[in-house]
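Read through the structure below, which is laid out as structure tokens, and then see the notes.
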Amino acid sequence: MAGPSLEQWILDLGLEQIDDPLIGKSIYRKPFAGQIILSAELDGQISIGLRQARDRRRLARKKLATMLGLSERVYERYENNVSRLTVSRLVHLCEVLGASPEEMLSPAAPPSMGQDLYCGGPSVGLYRKATDL
């Protein structure tokens, strides 16, 4: 399958090469509001999304941890941005919270990736931070 060259793909999507310390090598990211957000910041915003989703449901951390088969302390590491979520853990969280992946990830999603249904407009987490600089 031919498809576009790597260079053309990068150009078409407006990607920029950066050195992300968390990744440890050069990667390509799409800037928004003139900023490129690093992986560590995205992880922090995802942690906020987890906590907000749980709080909206008024569910105690311990109860959620039990449904996930985790100790409260282990689950707390996700909400405090100490441990990174796997995709399978995110899917499981969505199941037990009755949430969508979009709800969980919306604080980390730049406005170009869609609307944040839970804040009534464009995603605001990182967008606000980037536009405040």
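This chain uses plain numbering: 1 for the first residue, then up along the sequence.
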How close do [X] and [Y] get, counting heavy atoms only, and between which atoms?
X	Y	value
Pro107	Gly49	CG-CA, 3.5 Å
Ala40	Leu22	N-CD2, 3.8 Å
Pro101	Cys94	N-SG, 3.6 Å
Leu42	Arg29	CD1-NH2, 2.9 Å

Could you give the distance from [atom1] ([X]) to [atom2] ([Y]), rounded to the nearest 0.5 Å?
X	Y	atom1	atom2	result
Ser47	Met104	OG	CE	11.0 Å
Tyr75	Leu64	OH	CG	4.5 Å
Ser39	Arg84	OG	CZ	6.0 Å
Leu105	Leu50	CG	CG	8.0 Å
Glu16	Lys30	CD	NZ	11.0 Å

Are [X] and [Y] packed together at the side-chain level, in the sense that at least one heavy-atom pair is separated by less than 4.5 angstrom?
X	Y	result
Leu97	Glu103	no
Gln45	Ile37	no
Ile46	Leu90	no

For [X], which residues count as a side-chain contact (heavy atoms from CB on, under 4.5 Å) partner, sequence neighbours excluded?
X	value
Pro4	Gln8, Trp9
Ser26	Gln17, Asp19
Leu38	Ile18, Asp20, Pro21
Asp55	Arg51

State yes or no: do [X] and [Y] share one hydrophobic cluster built from I, L, V, M, F, W and Y residues joined by side-chain heavy-atom distances below 4.5 Å, directly or via other members?
X	Y	result
Tyr28	Phe32	no
Leu93	Leu70	yes
Val74	Met67	yes
Ile23	Leu85	no

* Asked: Which pairs pass salt bridge (charged side-chain N to carboxylate O under 4.0 Å, His left out) with one or both residues in residues 59-69, sequence neighbours excluded?
  -> Arg61-Glu76, Arg61-Glu79
* Could you tell me which residues satisfy side chain to side chain donor-acceptor pair (under 3.5 Å) with Ser5, sequence neighbours excluded, listed by chain and number? => none
* Name all residues meeting the side chain to side chain donor-acceptor pair (under 3.5 Å) criterion together with Asn81; count only those two or more places apart in sequence or in a different chain, and write none if there are none. => none
* Provide the full list of side chain to side chain donor-acceptor pair (under 3.5 Å) pairs with a residue in residues 65-74, sequence neighbours left out, each pair given once. =>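 Not a single pair qualifies under side chain to side chain donor-acceptor pair (under 3.5 Å).
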* Asked: Residues sharing Ile48's hydrophobic cluster, by side-chain heavy-atom contacts under 4.5 Å among ILVMFWY, directly or via others?
  ->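 Noted: Ile48 shares its cluster with no other residue.
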* Remaining members of the apolar cluster that contains Val82, side-chain heavy atoms under 4.5 Å ->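 Answer for Val82: none, a lone residue.
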